[in-house]
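Inspection log for the structure reproduced underneath, given as structure tokens.
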There are 2 protein chains.
Amino acid sequence: MTVTSVHDPSHREALWELEDAFERGDLVSLFGRCTVSYEGRAASDLGAGDRLLVLKPDGAALVHTDEGRQPVNWQPPGSEHRAAVREGRLRVRSTRSSPDETLTVRFSGVHQLSAMAVTGGRDLTLHGSEEDLRTRILERPDLVEPGFEPRETERPSSAGPMDIFGVDADGTPVVVELKRRRVGPDAVGQLARYVRALREELGVEASDGETDDETASDGGDDGETDDEETTRDDSPAVRGILVAPSVTDRAAERLADRGFDHVALEPTPSE
Amino acid sequence: MTVTSVHDPSHREALWELEDAFERGDLVSLFGRCTVSYEGRAASDLGAGDRLLVLKPDGAALVHTDEGRQPVNWQPPGSEHRAAVREGRLRVRSTRSSPDETLTVRFSGVHQLSAMAVTGGRDLTLHGSEEDLRTRILERPDLVEPGFEPRETERPSSAGPMDIFGVDADGTPVVVELKRRRVGPDAVGQLARYVRALREELGVEASDGETDDETASDGGDDGETDDEETTRDDSPAVRGILVAPSVTDRAAERLADRGFDHVALEPTPSE
DNA sequence: TGTTCGATCTCGCGT
DNA sequence: ACGCGAGGTCGAACA
């Protein structure tokens with residue numbers, strides 16, 4: 001392995017090593033005391049302190065402190081790194097356009113610099129994702145409910161693609177929204193958008209004329225003495241099912257309001 | 001600065017250095033060829049390759065390849081790092097509980113290891129966030145519309161806290177949802193939840209009974225010849241305003257459906 | 001702790 | 001390029 005490593009280099013030495021590393025397309029790790037400023041989608045300033053600067057050949061730049069999974073400052077891949085010495089101090093600047101963004105790291109001292117050629121080995125195999133949940137359901141549709149028949153995945157609609165479209169035992173259209181983990185109210189809103197879009201698309205099957213949005217399936221959770229028949233009549237034109245390991249209370253409320261169902265299921269079989 | 005740095009150490013040397021670094025609470029940067037496996041909320045495997053492993057004293061672990069802003073594998077802060085040599089090879093394992101998660105990095109070769117004491121210097125000043133947008137509006141409410149009067153921020157509701165609650169020139173209650181950047185349909189759904197919650201809370205001021213729900217009150221974008229009066233009558237009991245630099249087409253549709261307004265505004269004044 | 005929502009989210013896919 | 005949704009999202013504020 002070609003690893004370059006310098007300990008307590010001068011600012012100029014660090015500059016040379018950096019330029020060489022950029023030239024070679026190396027992954028760079030740089031310990032030093034620095035200030036950081038960023039301007040672009042937002043703007044930020046970070047006072048002097050010891051940090052780890054990581055520079056990737058794809059243009060990504062990361063400034064890490066001693067805490068957190070997230071870099072305190074960064075620049076996305078596709079940026080261009082440049083290094084210079086200004087007033088005797090090493091300055092690393094990473095810029096990109098659209099949107100215009102600049103990250104500037106000014107060093108008062110460079111403690112350690114390493115660079116290494118790193119390529120490939122990025123192919124991660126991941127299990128337990130939403131896709132696994134989908135696969136699991138397509139293989140065993142009865143996990144959703146007996147008689148459920150998936151018809152299409154990623155089915156397009158005016159509200160975007162729905163995870164699974166199918167029909168239940170009665171032949172009623174069903175929209176299934178998948179989540180790999182416990183979900184909040186937002187997921188219900190997402191499901192609602194798809195159901196609404198599908199209801200519009202399939203035409204209003206309600207007995208009484210147009211409107212389905214207006215009368216729309218709510219009837220109150222607040223003990224409304226609404227005619228159950230009306231709701232029963234038009235609402236089930238399209239059903240909505242949220243498949244997730246669990247839901248929050250508020251999500252459950254919203255599901256109930258909409259007349260949607262929740263099916264508790266995990267991406268991978270338990271144990 | 002106390003920086004430890006070893007070039008091409010043996011596996012045992014690397015182990016000693018790592019243990020010392022953990023002891024000192026150092027931030028560690030480690031280049032080497034390794035495989036990575038993870039098991040916890042999900043599970044993953046990564047074949048052999050050269051990578052950069054970063055170990056933080058707060059328990060965070062990051063495995064970086066030559067591409068991407070995101071680590072290919074990681075462990076969140078609060079984990080515990082342990083190093084060992086198994087079958088002559090360095091193995092670094094980071095674990096945490098609740099949820100139970102384990103990241104294991106097995107090295108076939110260590111190319112470079114550096115460690116440095118890094119503390120503090122984490123106080124970032126950031127401008128251009130949603131909070132800045134809120135501040136801007138509270139200082140100049142007319143930016144939302146003439147006569148707008150903010151009454152409360154983070155006002156609680158059954159659907160969660162709304163960004164800004166206020167009244168318009170007519171004294172009509174207004175819910176304002178803030179976004180620092182261009183938004184899609186989800187933001188409209190969020191605003192709708194707050195408006196709905198507030199309408200329920202304030203009591204239905206609509207002339208005719210219950211009904212208003214998310215699905216409800218849309219009146220079709222599909223050229224519905226719905227009675228405009230009905231909607232006009234009950235809908236304005238509470239207004240909804242989405243403040244964001246811009247909105248997508250679909251978001252605009254949904255805003256129109258709901259009778260909500262969009263005000264184009266950025267977190268910080270242009271230029 | 002659990003829930004909710006913002007984020008310079010990032011990332012991938014599709015139009 | 002933009003739009004849209006997933007993510008082992010992370011992180012913070014609050015109940």
Side-chain angles (χ1 to χ4, degrees), chain A residues 38-44 60-63 67-79 96-103 124 126-134 154 156-157 159-163 177-187 190 193-194 246-251 267-268, chain B residues 38-44 60 62 67-79 96 98-103 124 126-134 154 156-157 159-163 177-187 190 193-194 246-251 267:
Chain A
Y38 156 78
E39 184 140 13
R41 286 166 291 176
S44 73
L62 313 169
V63 180
E67 290 188 352
R69 210 217 62 146
Q70 299 295 134
V72 63
N73 269 126
W74 72 90
Q75 195 71 316
S79 310
R96 71 159 177 170
S97 40
S98 67
D100 269 327
E101 286 186 308
T102 304
L103 178 75
L124 183 79
L126 180 70
H127 308 282
S129 62
E130 180 180 305
E131 188 179 343
D132 291 305
L133 179 54
R134 178 173 60 203
E154 301 298 321
S157 82
M162 45 194 75
D163 287 338
E177 173 63 27
L178 306 176
K179 293 295 170 188
R180 67 171 300 279
R181 62 172 205 170
R182 183 174 174 86
V183 297
D186 52 333
Q190 199 180 332
R193 295 209 304 275
Y194 299 142
S246 60
V247 302
T248 67
D249 289 350
R250 274 224 259 273
T268 53
Chain B
Y38 157 79
E39 183 139 13
R41 285 167 291 175
S44 72
L62 313 169
E67 289 188 351
R69 211 219 59 146
Q70 299 295 132
V72 63
N73 268 128
W74 71 93
Q75 196 71 314
S79 310
R96 72 159 177 170
S98 68
D100 269 328
E101 287 186 307
T102 303
L103 179 75
L124 184 79
L126 180 70
H127 308 281
S129 62
E130 179 179 306
E131 188 179 344
D132 290 304
L133 179 55
R134 179 174 58 204
E154 302 299 321
S157 82
M162 45 194 75
D163 287 338
E177 173 64 27
L178 306 175
K179 293 295 171 189
R180 67 172 298 281
R181 62 172 206 169
R182 183 174 176 85
V183 297
D186 52 333
Q190 200 179 335
R193 295 210 307 275
Y194 299 142
S246 59
V247 302
T248 67
D249 288 351
R250 274 225 259 272

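Chain naming here is simple, since letters A, B, ... match the order of the sequence lines and numbering starts at 1 in each. Note that the structure is a prediction, hence the values are computed from the model and not measured.
Note on A:Thr248: a side-chain N or O is less than 4.0 Å away from OP1 or OP2 of C:dT4. Phosphate contact (OP1/OP2 of D:dT9, side-chain N/O of A:Arg181, threshold under 4.0 Å): present. Residue B:Ser98 places at least one side-chain N or O under 4.0 Å from the OP1 or OP2 atom of C:dT1. For the OP1/OP2 pair of C:dA7 and a distance below 4.0 Å, the side-chain nitrogens and oxygens of A:Arg41 include no atom meeting the criterion.
Spacing between atom CZ of B:Arg69 and atom P of D:dG7 amounts to 18 Å, rounded to whole angstrom units. Atom CG of B:Asp163 is separated from atom P of D:dA13 by 15 Å (rounded to the nearest Å). Taking atom CE on A:Met162 and atom C1' on D:dA6, their separation rounds to 17 Å, with Å as the unit. Put simply, CG on B:Asp249 is 10 Å from C1' on D:dC2, counting in whole angstrom units. Taking atom CD on A:Glu154 and atom C1' on C:dC13, their separation rounds to 10 Å, with Å as the unit. Going from atom CZ of B:Arg96 over to atom P of D:dG8 covers 13 Å, rounded to whole Å. We find that CG of B:Asp132 is positioned 13 Å from C1' of C:dA7, with the value rounded to whole Å.
Each of A:Asn73 and A:Pro77 was assigned the nucleotide of DNA chain C with the nearest heavy atom; the assignment lying further toward the 5' end belongs to A:Asn73. Nearest-nucleotide positions on DNA chain D place A:Pro161 closer to the 5' end than the other of B:Ala42 and A:Pro161. Along DNA chain C, the nucleotide closest to B:Gly68 and the one closest to A:Ser44 are compared, and the more 5′ of them pairs with A:Ser44. Toward the 5′ end of DNA chain D lies the nearest nucleotide of A:Ser97, the other residue of the pair B:Arg250 and A:Ser97 mapping further downstream.
Residue side chain B:Gln75 reaches the base of D:dG8 through a donor-acceptor N/O pair under 3.5 Å, judged by distance alone. A donor and an acceptor atom sit less than 3.5 Å apart, one in the side chain of B:Glu101 and one in the base of D:dG8.
No more than 12 heavy-atom neighbours from other residues, nucleotides or ligands sit within 6.0 angstrom of CD on B:Glu39.
Between the side chain of A:Ser97 and the backbone N or O of A:Asp100, no donor-acceptor pair lies under 3.5 Å.
Counting non-hydrogen atoms under 4.0 angstrom, A:Glu177 reaches the backbone sugars and phosphates but no base.
Salt-bridge formation is detected for the pair B:Arg134/B:Glu154: a Lys NZ or Arg NE/NH1/NH2 atom is positioned less than 4.0 Å from an Asp or Glu carboxylate oxygen.
In this structure, the separation between CE on B:Met162 and CG on B:Leu178 is 12.5 Å, given to the nearest 0.5 Å.
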